[in-house]
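Just follow the structure's listing: the first ligand is 1, and inside any ligand the first atom is 1. Hydrogens, waters and symmetry mates play no part in the numbers below; they use all other heavy atoms, side chains included.
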Amino acid sequence: MFADRVLSGMRPTGSLHLGHYHGVLKNWVEMQHEFECLFFVADWHALTTHYDNPHMIEQSTWDMVIDWLAAGVDPARATLFIQSKVPEHAELHLLLSMITPLGWLERVPTYKDQQEKLSEKDLSTYGFLGYPLLQSADILIYRATQVPVGEDQVPHIEFTREIARRFNHIYGREIGFEEKAEAAVKKLGGKKAKLYSELRTRYQEQGDDEALESAKSLLDEQQSLSLGDRERLFGYLEGGGKMILSEPQAMLTAASKMPGLDGQKMSKSYNNTISLREDEATVSKKIRTMPTDPARVRRTDAGNPAHCPVWQLHQVYSNEATKAWAEQGCKNAGIGCIECKQPVIDAVLAEQNPMRERAQQYLDDPTLVRNIIADGCEKARKLAGETMRDVREAMGLSYS
Ligand code: TRP
Ligand code: SF4
């Protein structure tokens with residue numbers, strides 16, 4: 001019932017590297033051409049695990065926004081903002097907490113996983129338990145339809161869907177809902193009203209998903225319905241009440257296969273990263289000193305690319321001809337490792353050049369970034385405010 005809207009957030013916990021670029025940011029940059037996009041800095045989420053070191057969050061926030069802009073996220077297309085500057089997220093989090101069963105939170109797999117993984121930190125806090133619910137508030141407050149996330153976050157989206165359903169179930173029933181919904185059906189006009197009712201029955205009695213989809217597209221085509229009637233008819237279709245919060249879909253971003261400098265997945269914790277805007281000299285040096293196939297002790301020793309992390313970078317950065325050249329040259333000792341690395345160095349630098357360039361203007365004039373974020377926060381607050389009005393009303397809080 002709502003037009004597609006993409007929302008995603010990132011925790012500001014350190015500088016971004018090429019793994020983030022290939023795994024997430026490239027995807028954001030593509031999506032901004034297809035959808036309405038909102039991207040935000042999840043600084044409150046960072047506080048749930050970094051509550052004892054809050055000062056790094058501020059610096060990471062600005063660095064991260066510059067990284068996004070450097071990667072090509074375009075503030076003219078996407079709305080960029082900071083979670084804590086839209087306090088409505090906290091209000092929705094609080095209100096949703098009233099109806100969130102503790103067991104649902106305890107069962108979210110990341111809860112126990114992260115506590116174990118970050119065992120040096122005390123994460124038996126209220127805030128950390130509520131992490132997925134805060135994320136639900138982030139998503140539901142914008143009525144986002146699509147949430148690009150990695151595999152590990154899918155349970156959070158599933159959880160969000162359940163919260164939305166529960167909210168709609170508890171608060172979505174206006175007095176006289178059934179009557180109003182039937183009246184709205186009539187307004188569709190004879191033939192369409194009949195079709196809607198048939199499809200609804202087919203879905204509700206036989207669980208026919210196709211019928212559900214057809215009914216939804218039927219409603220999508222109805223231009224003349226009032227917003228209230230539309231919501232009613234969508235809600236009536238699925239058996240619940242009025243849909244106040246809409247259920248988002250996870251949009252799985254293919255897991256980044258970006259290899260790090262040692263052949264393992266690129267990750268801060270493996271200390272094998274190239275940061276997004278790393279200076280050229282350091283990038284060259286990092287790649288030049290990468291380990292290679294240990295069999296190639298001397299230049300004249302033949303090697304096997306399958307045993308070499310540089311070869312994995314060729315997979316990301318080189319065309320077929322270059323790959324064939326490297327593979328041949330390695331196997332018959334026709335080229336040395338330094339030679340083999342050069343096209344990779346060139347390709348990484350070429351990829352980063354526009355990023356370094358774009359970043360420079362923001363580093364030179366930090367007010368540019370501040371203004372982009374101030375703009376984005378204002379837009380976000382407006383959208384969030386609209387949802388909150390409906391939520392407060394549904395929860396009996398719109399008195400003055
Ligand atoms: N939990 C997400 C992560 O760790 C970050 C996040 C917070 C988020 N709120 C969100 C992602 C809302 C998508 C939508 O990556
Ligand atoms: Fe690796 Fe290339 Fe050296 Fe072979 S020639 S070991 S692929 S760097």
Side-chain angles (χ1 to χ4, degrees), residues 5-14 16 20 23-24 27-28 37-50 64 81-84 86 89 92-93 108 110-111 113-114 118 128 130-142 144-157 159-160 248-253 256 259 261 263 287-315 318 322-345 380:
R5 180 181 284 162
V6 170
L7 171 110
S8 200
M10 233 189 250
R11 292 154 29 97
T13 52
L16 300 187
H20 295 110
V24 182
N27 193 246
W28 285 15
C37 287
L38 297 151
F39 300 125
F40 74 100
V41 180
D43 55 345
W44 279 337
H45 276 101
L47 266 183
T48 64
T49 49
H50 291 61
M64 195 165 82
F81 66 97
I82 297 173
Q83 184 183 35
S84 66
V86 187
H89 290 228
L92 184 57
H93 178 215
V108 175
T110 47
Y111 179 57
D113 289 357
Q114 289 293 97
L118 304 173
F128 186 69
Y131 185 112
L133 189 63
L134 180 57
Q135 184 162 352
S136 301
D138 299 336
I139 298 167
L140 297 174
I141 207 163
Y142 300 106
T145 55
Q146 246 79 35
V147 185
V149 285
E151 190 100 49
D152 63 313
Q153 295 287 307
V154 171
H156 291 180
I157 309 305
F159 172 84
T160 302
Q249 300 280 347
M251 202 183 217
L252 253 191
T253 39
S256 163
L261 294 164
I287 299 175
R288 252 190 285 115
T289 54
M290 274 177 73
T292 59
D293 178 359
R296 296 207 70 185
V297 182
R298 279 171 300 253
R299 164 75 173 72
T300 47
D301 296 329
N304 181 352
H307 301 157
C308 178
V310 178
W311 178 241
Q312 294 190 43
L313 286 181
H314 273 295
Q315 302 307 310
S318 299
T322 307
K323 282 193 278 189
W325 165 82
E327 187 172 21
Q328 278 307 310
C330 182
K331 286 183 170 163
N332 61 21
I335 58 171
C337 290
I338 292 288
E339 255 174 296
C340 180
K341 288 169 171 178
Q342 196 55 48
V344 174
I345 295 176

So which protein heavy atom does atom 2 (Fe) of ligand 2 come closest to, and at what separation?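 In this structure, atom 2 (Fe) of ligand 2 has Cys340 SG, 2.3 Å as its nearest protein heavy atom.
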Nearest-neighbour protein heavy atom for atom 5 (S) of ligand 2, which is reported as residue plus atom name and distance: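 Closest protein heavy atom to atom 5 (S) of ligand 2: Arg296 NH1, 3.1 Å.
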Is the shortest heavy-atom distance from the side chain of Tyr142 to the side chain of Val86 under 4.5 Å?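 Sidechains of Val86 and Tyr142: in contact.
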Distance check, rounded to the nearest 0.5 Å: [X] atom [atom1] versus [Y] atom [atom2]?
X      : Y      : atom1 : atom2 : answer
Cys340 : Glu327 : SG    : CD    : 10.5 Å
Leu38  : Ile141 : CG    : CD1   : 11.5 Å
His93  : Leu140 : NE2   : CG    : 12.0 Å

Could you tell me whether any N, O or S atom belonging to Cys330 is less than 2.8 Å from atom 4 (Fe) of ligand 2?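 Yes, since at least one N, O or S atom of Cys330 sits under 2.8 Å from atom 4 (Fe) of ligand 2.
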Show me a pair-per-line table, with atom names and distances to 0.1 Å, of protein N or O atoms that are under 3.5 Å from an N or O of ligand 1.
unit_1: ligand 1; atom_1: 1 (N); unit_2: Tyr131; atom_2: OH; d: 2.7
unit_1: ligand 1; atom_1: 1 (N); unit_2: Gln135; atom_2: OE1; d: 3.0
unit_1: ligand 1; atom_1: 1 (N); unit_2: Gln153; atom_2: OE1; d: 2.9
unit_1: ligand 1; atom_1: 4 (O); unit_2: Tyr131; atom_2: OH; d: 3.1
unit_1: ligand 1; atom_1: 9 (N); unit_2: Asp138; atom_2: OD2; d: 2.7

Side-chain donor-acceptor contact under 3.5 Å, Thr253 with Asn27: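 No - no donor-acceptor pair under 3.5 Å links their side chains.
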Assess, by modelled atom type and distance only, whether the side chains of Thr110 and His156 contain a donor and an acceptor separated by less than 3.5 Å.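 The answer is yes; a qualifying pair exists.
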Sequence neighbours excluded, every pair satisfying side chain to side chain donor-acceptor pair (under 3.5 Å) that has a member inside residues 292-313: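 Listed once each, the pairs would be none.
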Just go through Ala326, Gly336, Cys308 and tell me whose heavy atom is the nearest to atom 1 (Fe) of ligand 2.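 Comparing heavy atoms across Ala326, Gly336, Cys308, the nearest one to atom 1 (Fe) of ligand 2 lies in Cys308.
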Determine whether the aromatic ring centres of Tyr111 and Phe159 lie less than 6.0 Å apart.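 No, the ring of Tyr111 stays outside the 6.0 Å limit from the ring of Phe159, centre to centre.
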For Thr292, take its heavy atoms, then give the atoms of ligand 2 lying under 4.0 Å from any of them.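 Listed by number with element, the hits are 6 (S), 8 (S).
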Within ligand 2, which atoms have a heavy atom of Asp293 less than 4.0 Å away?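 Answer for ligand 2: 6 (S).
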Please state whether Cys337 comes within less than 4.0 angstrom of ligand 2, counting heavy atoms only.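 The answer is yes: ligand 2 sits under 4.0 Å from a heavy atom of Cys337.
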Structural part of Val310 in contact with ligand 2, heavy atom criterion under 4.0 angstrom: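 For Val310, the contact with ligand 2 is made by the side chain alone.
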Side-chain (Gln146) to main-chain (Met251) donor-acceptor, under 3.5 angstrom: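 Absent.
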Under 30°, 30 to 60°, or over 60°: which ring-plane class applies to Phe81 and Phe40, parallel, tilted or perpendicular?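 Parallel, since the angle between the ring planes stays under 30°.
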